[in-house]
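Protein chains get the first letters and strands the later ones, always in sequence-line order, with residue 1 at the start of each.
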Protein chains: 2
Amino acid sequence: MNKIDVALICKALSDSNRLEIVQMLSDGEKCGCKLLERFEITQPTLSYHMKTLVESGLVNDRKEGKWHYYSLNTEHFVQFKKFIEALGCENSAGETDGCCRC
Amino acid sequence: MNKIDVALICKALSDSNRLEIVQMLSDGEKCGCKLLERFEITQPTLSYHMKTLVESGLVNDRKEGKWHYYSLNTEHFVQFKKFIEALGCENSAGETDGCCRC
DNA sequence: TAAATATATAGATGATTATCAATGTGAGGG
DNA sequence: CCCTCACATTGATAATCATCTATATATTTA
């Protein structure tokens, strides 16, 4: 995962509605209409946010009948977390113990 | 640290220039002119990005003579990492072992 | 087949973003 | 006291964002 991918995910998480959607999905997959109930936004706006999340790679979209089930893309999410975890940690070759100061 | 703070930090990290600045600062504090050397942007644009980072709480700004020294706000950064680490982890009360599946 | 439901798309709008050139400010040096 | 250097601010601009209303599409149900 490179800088561009991470920046895209950060952009996806830079809206508090979308952050809350991700929190809700951590509990397991949910369909769009269930998500919509929890927000004070219109259906097209939710659709727009879900598109943003899916395109960032953070969320999966599974269609079943007339429903869309959204879930976290765990693989991608873990990679993102690793990048953020490493960010802000000195990784210079000069370190003798192989550990950063964070 | 609440959702609004996290969304603000994510917004600050949603630009690959700023992501790279944070990477550079992980190596220790740097002055603006040193940072500027590494990018293909003008000085006002760097100034704008640094303001964004400082206002997100992620970066400290220390003035010394005519220089500005920027460094990571470790405390804030650690809190952000904790939030992201917890995000996407089920924390429901039903869990018996107190651990999430991530 | 017609109605209802879940979602997407199109088009509009006001707000915000990233960027620049030009200029202002404050500190040091000759 | 002027000049230079590091940085901020202003004003402009083109692009993107978040949101809405209106409408289209696809699927299930009566």
Side-chain angles (χ1 to χ4, degrees), chain A residues 2-25 28-73, chain B residues 2-25 28-73:
Chain A
N2 62 36
K3 238 169 29 188
I4 308 293
D5 298 326
V6 172
L8 193 63
I9 292 180
C10 284
K11 183 161 291 178
L13 296 178
S14 72
D15 176 278
S16 56
N17 282 328
R18 290 194 293 261
L19 210 46
E20 191 159 347
I21 290 168
V22 169
Q23 284 179 323
M24 288 174 69
L25 295 183
E29 75 172 7
K30 305 244 180 321
C31 78
C33 51
K34 277 285 169 193
L35 292 171
L36 188 58
E37 288 173 3
R38 293 274 287 263
F39 296 92
E40 304 254 316
I41 57 179
T42 61
Q43 176 270 319
T45 299
L46 179 68
S47 184
Y48 160 75
H49 285 311
M50 297 319 293
K51 192 176 174 188
T52 302
L53 284 167
V54 169
E55 283 176 350
S56 80
L58 219 55
V59 168
N60 295 123
D61 181 2
R62 179 174 71 84
K63 192 177 178 185
E64 189 179 319
K66 61 182 172 181
W67 295 277
H68 279 246
Y69 286 96
Y70 298 102
S71 59
L72 290 186
N73 183 331
Chain B
N2 62 37
K3 237 170 28 189
I4 307 293
D5 297 326
V6 171
L8 193 63
I9 293 179
C10 284
K11 184 163 292 179
L13 295 178
S14 73
D15 176 279
S16 55
N17 281 329
R18 291 194 293 260
L19 212 44
E20 190 159 347
I21 290 168
V22 170
Q23 282 179 325
M24 288 174 68
L25 294 182
E29 76 172 5
K30 304 246 181 319
C31 76
C33 51
K34 277 286 168 193
L35 292 171
L36 188 57
E37 288 173 4
R38 295 273 286 263
F39 295 93
E40 305 253 317
I41 58 179
T42 61
Q43 177 270 318
T45 300
L46 179 68
S47 185
Y48 161 76
H49 285 310
M50 296 319 294
K51 192 176 173 187
T52 301
L53 284 168
V54 169
E55 282 176 351
S56 80
L58 220 55
V59 168
N60 295 124
D61 181 2
R62 178 173 73 82
K63 192 176 179 185
E64 189 179 319
K66 61 183 173 180
W67 296 277
H68 279 245
Y69 287 97
Y70 298 102
S71 59
L72 290 186
N73 183 332

Using a heavy-atom cut-off of under 4.0 Å over every strand shown, decide if B:K11 touches base, sugar-phosphate, or nothing.
-> sugar-phosphate

Take the protein atom CG of A:L13 and the nucleotide atom C1' of D:dC17, then report the distance between them rounded to whole Å.
-> 16 Å

Over how many whole Å does the gap from A:L36 atom CG to D:dC20 atom C1' extend?
-> 14 Å

Name the residue closer to the 5' end of DNA chain D, choosing between A:S14 and B:C31 according to the nucleotide with the nearest heavy atom.
-> B:C31

Heavy-atom pair with the smallest gap, counting every atom of A:N60 and A:N73 | OD1-CA, 3.3 Å

Side-chain N or O of B:T42 closer than 4.0 Å to phosphate OP1/OP2 of C:dC20 = yes

Measuring from A:Q23:CD to A:E20:CD, what's the distance to the nearest 0.5 Å?
-> 6.5 Å

Please figure out whether B:K34 or A:W67 has its closest DNA chain D nucleotide nearer the 5' end.
-> B:K34

Rounded to whole angstroms, how far apart are CG on B:L35 and C1' on D:dC7?
-> 12 Å

Can you name the nearest heavy-atom pair linking A:M24 to A:R38, along with the distance?
-> CE-CG, 3.4 Å

Heavy-atom nearest pair, B:L53 first then B:R18, reads CG-CD, 4.0 Å

Rounded to the Å, how far apart are B:H68 NE2 and C:dG28 P?
-> 12 Å

Sorted by number, residues from residues 43-53 of chain B placing a heavy atom under 4.0 Å from DNA chain C are B:P44, B:T45, B:Y48, B:H49

Mind listing the residues from residues 54-66 of chain B sitting with a heavy atom below 4.0 Å of DNA chain D? Number order is fine.
-> B:K66

Drop me the distance from B:I21's CD1 to B:H49's NE2, to the nearest 0.5 angstrom.
-> 6.5 Å

Please give, in whole Å, the distance from C:dA18 C1' to B:N17 CG?
-> 9 Å

State the CE-NE2 distance between B:M50 and B:H68, to the nearest 0.5 angstrom.
-> 10.5 Å

Looking for any heavy atom pair under 4.0 Å, which part of the strands does A:Y69 touch: base, sugar-phosphate only, or nothing?
-> nothing

Provide the closest heavy-atom pair for A:K3 versus B:L19 in the form atom of the first, atom of the second, distance.
-> O-CD2, 3.4 Å

Of the nucleotides D:dT19, D:dA8, C:dT19, which one has an atom closest to the side chain of B:D15?
-> C:dT19

What are the two closest non-hydrogen atoms of B:V22 and B:L58, and how far apart are they?
-> CG2-CD2, 4.4 Å

For A:Y70, which contact category applies under a 4.0 Å heavy-atom criterion: base, sugar-phosphate, or nothing?
-> sugar-phosphate

Looking only at heavy atoms, what is the nearest atom pair of B:Y70 and B:L25, with distance?
-> O-CD2, 3.4 Å

